[in-house]
Participant: 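Input: one structure, supplied below.
Note on naming: letters A, B, ... go to the chains in the order of the sequence lines (proteins, then strands), and numbering restarts at 1 for each one.
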Amino acid sequence: MSAPVRVRFAPSPTGYLHVGGARTALFNWLYARHTGGTFVLRIEDTDNARNSQEAVDVILSGLRWLGLDWDEGPLTGDADGPVRGDFGPYFQSRRGEIYRRRAEELKAKGLAYEKDGALFFRMTRDPVTIPDLVVGDVVRPLTDREALDPDWVLIRSDGVPVFHFVNVVDDLEMGITHVIRGEDHLSNTAKHIALFEAFGVEPPRYAHIPLILNLDGSKMSKRDQGASVQSYIDDGYLPEAVINYLSLLGWSSKTATELFTAAEIAPLFDLPDINRSNARFDLKKLEHFHFEHTRRLSPDRFVENGVEALRKAGIETAGFDPAYVRAALLTAQEKGKLFKELPVWTDFYFALDDAVAYEAEAKAKALIPAAVPIVSQLAARFAALPEFTAAALEVSLKGLAAELGMKVGALIPPCRVACTGRLVGPSLYHLLEVLGREKVARRLERARMVSGS
RNA sequence: GACCCUAUCGUCCAGCGGUUAGGACACCGCCCUUUCACGGCGGGGACCCGGGUUCGAAUCCCGGUAGGGUCGCCA
């Protein structure tokens, strides 16, 4: 029937991957996976001044982090490096010969002419109808400015071809069937369609997706909260959370659940279901998805991410028993915090010589003279426990509270601060079990002395 | 200035001529609870405005308004 779908993500290597670009890549990826088509990655590095291998690497690593694998395109940020696919080069900076050939074709057809050293395209004066899969048919007449001089530059006087030209030539040469891109390109599509017609070929199908704006409705620029994919990596978000959240910006599964992985979304995803209105970026909801996905994460991956997060915070876990590290980190999984915050929740497990760093407020509140008898009696009871388990510890602590005629809530803070240095943290009894008899004993003893002084 | 797109709770979505306008996030209250959370229960909160069409409009049409986008020898 219809030709196999070929879509592409064509970022310009500006040094960072914009969240809007990430969603464009995601929608292209989803459509390719939905249709069994091909997802192409092409680097639009015509603007030599700001191109570098590092800038391309940022794009590649961002996409890889998100799990958006491409079927064709560069394997590294090196424009002359290894690629996959038969439609290369995948860097526009390496496609000069193709652009020259296509420019000659237009000149031969009388549709392009030179003026002032630049090559101009003889643009149609008639309104162009843009059939869009998302918005419907859009009729784009010339604006008043354009009407003054409808022709536009294909190749600048310095010999560098402009975006509209290379974009169309590449889509044509690479056999792109569906152009899924931001709505900011909608008006310009008239130029692109006119060019395809000049080449005598059918334009691809277009799907212009709405933009992502800041929460206050302003346009999202580089410095805005959440604009860069790198910020999610740095803050320790789970990529599946970012994917999940982004997929729901402008698209809806129309099902009861909103919690999905990219692989689960692909079968449900289709172009006509995409919204027409812009969406605002709400970090709170992203955090919600992070929470949900984190709780569902396999223990192995959670521990792996956790160890890395601790390392970034300067806490080395290599010197500890792997089973201990694993058990320690896992007590924090249900909290669903960003991995950047994980050190605050688990650093006490790795305090050298059990010299727990007491948070000022926690110490002032819990490690006071009144805590001395509590801490020493707890220490005595814990020491006598046959089994050092969460369940036994709970019974023990609650039993002591009852005997002392005190509320359980009065014993908790001294014990928690003694062992963790903080007033909040993982479930107390579980954390005690993981720390183990020796560490808990040493920490209680130290807290007893600190409280008495 | 011209042209294009859009318009449902604070936010993201559902709705596609007849619904008590639904869900999620956020927010508020209560319960549970060793802290913070989780969880459970409950609550407040929206169809931008004005005209049409229709027996009947959130849904269709027109206008206005507002927001966004485009009109480069930037991408």
Participant: Could you tell me how far B:rA58 sits from B:rG1 if I compare only their P atoms? Round to whole Å.
Facilitator: 34 Å

Participant: Between atom NZ in A:K363 and atom P in B:rU35, what is the gap in whole Å?
Facilitator: 25 Å

Participant: Verify the distance criterion only: is there a donor paired with an acceptor across the side chains of A:N214 and A:S218 at less than 3.5 Å?
Facilitator: yes

Participant: Pick out which of A:R296, A:R301, A:R295 makes a salt bridge (charged side-chain N to carboxylate O under 4.0 Å, His left out) with A:E240.
Facilitator: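 Result: among A:R296, A:R301, A:R295, A:R301 is the only option passing the salt bridge (charged side-chain N to carboxylate O under 4.0 Å, His left out) with A:E240.
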
Participant: A:I180 versus A:R8: any side-chain heavy-atom pair under 4.5 Å?
Facilitator: no

Participant: If anything within 90° of 0 is syn and all else is anti, what is B:rC31?
Facilitator: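 This nucleotide is in anti.
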
Participant: Any side-chain donor-acceptor pair under 3.5 Å between A:R23 and A:Y245?
Facilitator: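 Judged by distance alone, the side chains do not pair up.
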
Participant: Do A:R140 and A:I193 have side-chain heavy atoms sitting under 4.5 Å apart?
Facilitator: no

Participant: Write down the distance between CG (A:D132) and P (B:rG69), rounded to a whole number of angstrom.
Facilitator: 18 Å

Participant: Please report the distance, rounded to the nearest Å, between CG in A:L411 and P in B:rU35.
Facilitator: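 So the CG-P distance, A:L411 to B:rU35, works out to 13 Å.
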
Participant: Using a heavy-atom cut-off of 4.0 Å across all strands, would you classify A:H185 as base, sugar-phosphate, or nothing?
Facilitator: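 A:H185: base contact, heavy atoms under 4.0 Å.
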
Participant: Cation-pi check for A:F382 against A:R437: NZ or CZ below 6.0 Å from the six-membered ring centre and within 45 degrees of the axis, yes or no?
Facilitator: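 Not flagged: A:R437 not positioned over aromatic ring of A:F382.
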
Participant: Please report whether the ring centroid of A:F302 lies less than 6.0 Å from that of A:F339.
Facilitator: yes

Participant: Rounded to the nearest Å, what distance is computed from the NE2 atom of residue A:H293 to the C1' atom of nucleotide B:rA24?
Facilitator: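 Distance check: A:H293 NE2 to B:rA24 C1' gives 14 Å.
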
Participant: Examine the side chains of A:Y90 and A:E72 and answer whether a donor and an acceptor come within less than 3.5 Å of each other.
Facilitator: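 A pair is found: one side chain offers a donor N or O, the other an acceptor, under 3.5 Å apart.
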
Participant: Mind listing the side-chain donor-acceptor pairs of residues 409-421 of chain A below 3.5 Å, one per line with the distance, residues two or more places apart or on another chain?
Facilitator:
| residue | atom | partner | partner atom | Å |
| --- | --- | --- | --- | --- |
| A:R416 | NH1 | A:P426 | O | 3.1 |
| A:R416 | NH2 | A:P426 | O | 3.1 |
| A:T420 | OG1 | A:R416 | O | 2.8 |
| A:T420 | OG1 | A:R422 | N | 3.1 |
| A:T420 | OG1 | A:R422 | O | 3.2 |

Participant: Partner of B:rC9 by Watson-Crick or G-U wobble geometry, both contacts under 3.5 Å, or none?
Facilitator: none

Participant: Residues of residues 94-103 of chain A with any non-hydrogen atom less than 4.0 angstrom from an atom of RNA chain B: list those, numerically ordered, please.
Facilitator: none

Participant: Counting only Watson-Crick pairs (N1-N3 plus N6-O4 or O6-N4) and G-U wobbles (N1-O2, O6-N3), all under 3.5 Å, who is the partner of B:rC16?
Facilitator: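 Answer to the pairing question: none, since B:rC16 forms no Watson-Crick or G-U pair.
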
Participant: At 4.0 Å (heavy atoms only), tell me whether A:S427 reaches a base, stays on the sugar-phosphate, or touches nothing.
Facilitator: base

Participant: Pull out every residue in residues 329-349 of chain A that has a heavy atom closer than 4.0 Å to any atom of RNA chain B, ordered by number, or say none.
Facilitator: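 Of all residues in residues 329-349 of chain A, the ones placing a heavy atom under 4.0 Å from RNA chain B are A:K335, A:W345.
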
Participant: Under 4.0 angstrom, heavy atoms only, what part of the nucleic acid is A:L423 near: base, sugar-phosphate, or nothing?
Facilitator: base

Participant: Give A:R295 one of three labels, base, sugar-phosphate or nothing, depending on what nucleic acid heavy atoms sit under 4.0 Å from its own.
Facilitator: sugar-phosphate

Participant: When you get a sec, tell me which of B:rA75, B:rG69, B:rU35 is the closest nucleotide to the side chain of A:R416?
Facilitator: B:rU35

Participant: Rounding to the closest angstrom, what is the interatomic distance between B:rG44 and B:rA37 at atom P?
Facilitator: 24 Å

Participant: Given the C1' atoms of B:rC38 and B:rA46, what is the spacing between them in whole Å?
Facilitator: 30 Å

Participant: Hydrogens and angles aside, do A:Y237 and A:S231 bring a side-chain donor and acceptor to less than 3.5 Å of each other?
Facilitator: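 No.
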
Participant: Any chance the side chains of A:D137 and A:T129 put a donor and an acceptor closer than 3.5 Å?
Facilitator: no

Participant: Which residues within residues 217-232 of chain A lie with some heavy atom under 4.0 Å of an atom in RNA chain B?
Facilitator: A:G217, A:K219

Participant: If the test is salt bridge (charged side-chain N to carboxylate O under 4.0 Å, His left out), which one of A:R94, A:R102, A:R42 qualifies with A:D170?
Facilitator: A:R42

Participant: Which nucleotide, if any, forms a Watson-Crick or G-U wobble pair with B:rG1, using both distances under 3.5 Å?
Facilitator: B:rC71

Participant: Measuring only the P atom in each nucleotide, how far is B:rC9 from B:rU70? A whole number of Å is fine.
Facilitator: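 Each nucleotide's P atom is 25 Å from the other's.
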
Participant: Rounded to whole angstrom units, what separation is found between the CG atom of A:D216 and the C1' atom of B:rG68?
Facilitator: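 To the nearest whole Å, that distance equals 13 Å.
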
Participant: With both distances under 3.5 Å as the test, what is the Watson-Crick or G-U wobble partner of B:rU35?
Facilitator: none

Participant: Expressed as a whole number of Å, how far does the P atom of B:rC4 sit from that of B:rG10?
Facilitator: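 After rounding to an integer number of Å, I get 30 Å for this pair.
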
Participant: When the P atoms of B:rU11 and B:rC36 are considered, how many whole Å apart are they?
Facilitator: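 The answer is 31 Å between these two P atoms.
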
Participant: Rounded to whole angstrom units, what separation is found between the CZ atom of A:R145 and the P atom of B:rC73?
Facilitator: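 Answer to the nearest Å: 12 Å.
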
Participant: Give every donor-acceptor pair under 3.5 Å between a side-chain atom in residues 260-275 of chain A and any protein atom, sequence neighbours left out.
Facilitator:
| residue | atom | partner | partner atom | Å |
| --- | --- | --- | --- | --- |
| A:T261 | OG1 | A:E264 | N | 3.2 |
| A:T261 | OG1 | A:E264 | OE1 | 3.4 |
| A:E264 | OE1 | A:T261 | N | 2.9 |

Participant: Can you tell me how the ring of A:Y232 sits relative to the ring of A:F281, calling it parallel under 30°, perpendicular over 60° and tilted otherwise?
Facilitator: tilted

Participant: For a quick check, with a 4.0 angstrom heavy-atom cut-off, what is the B/S/- contact string for nucleotides 3-12 of chain B, read 5' to 3'?
Facilitator: SSSSS--BSB

Participant: Could A:K191 and A:W152 be counted as a cation-pi pair, given that NZ or CZ must be under 6.0 Å from the ring centre and within 45° of the axis?
Facilitator: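 Satisfied, under 6.0 Å and within 45°.
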
Participant: With a 3.5 angstrom cut-off on both distances, give the Watson-Crick or G-U wobble partner of B:rA21, or none if there isn't one.
Facilitator: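 Per the H-bond distance test, none.
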
Participant: Does any N or O donor sit under 3.5 Å from an N or O acceptor when you compare the side chain of A:H288 with the base of B:rA24?
Facilitator: no

Participant: Go nucleotide by nucleotide along RNA chain B from the 5' end; which of A:L428 and A:P210 gets its closest nucleotide reached first?
Facilitator: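 It is A:P210 whose nearest nucleotide is closer to the 5' end.
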
Participant: If you compare every side-chain N and O of A:S157 against the phosphate oxygens of B:rC73 (OP1, OP2), does one of them come in below 4.0 Å?
Facilitator: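 No, outside the criterion.
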
Participant: OP1 or OP2 of B:rG23 less than 4.0 angstrom from a side-chain nitrogen or oxygen of A:K254, does that happen here?
Facilitator: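 For B:rG23, neither OP1 nor OP2 has a side-chain N or O of A:K254 closer than 4.0 Å.
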
Participant: If I pick the C1' atom on B:rU65 and the same atom on B:rC48, what distance separates them, to the nearest angstrom?
Facilitator: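 Per the computed distance, 8 Å lies between those C1' atoms.
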
Participant: Calculate the interatomic distance between A:D171 atom CG and B:rA75 atom C1'; express it in whole Å.
Facilitator: 14 Å

Participant: Closest-nucleotide mapping onto RNA chain B: is A:P11 or A:E292 further toward the 5' terminus? I mean the 5' end.
Facilitator: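 Upstream on the strand: A:E292.
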
Participant: Looking only at side chains, do A:H192 and A:H164 share a donor and an acceptor under 3.5 Å apart?
Facilitator: yes

Participant: With a 3.5 Å limit on both atom pairs, tell me what B:rU53 is paired to, counting Watson-Crick and G-U wobble, or say none.
Facilitator: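 Its partner is none (no Watson-Crick or G-U wobble pair with both distances under 3.5 Å).
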
Participant: When you compare B:rC60 with B:rG22, how far apart are their C1' atoms, in angstrom units rounded to a whole number?
Facilitator: 23 Å

Participant: For the residue pair A:H293 and A:F289, does the interplanar ring angle fall in the parallel (under 30°), tilted (30 to 60°) or perpendicular (over 60°) class?
Facilitator: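 Tilted.
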
Participant: Rounded to whole Å, how long is the line connecting atom CG of A:N188 with atom C1' of B:rA2?
Facilitator: 15 Å

Participant: May I ask which nucleotide in the shown strands pairs with B:rA26, Watson-Crick or G-U wobble, both distances under 3.5 Å?
Facilitator: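 Partner of B:rA26: none found under 3.5 Å.
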
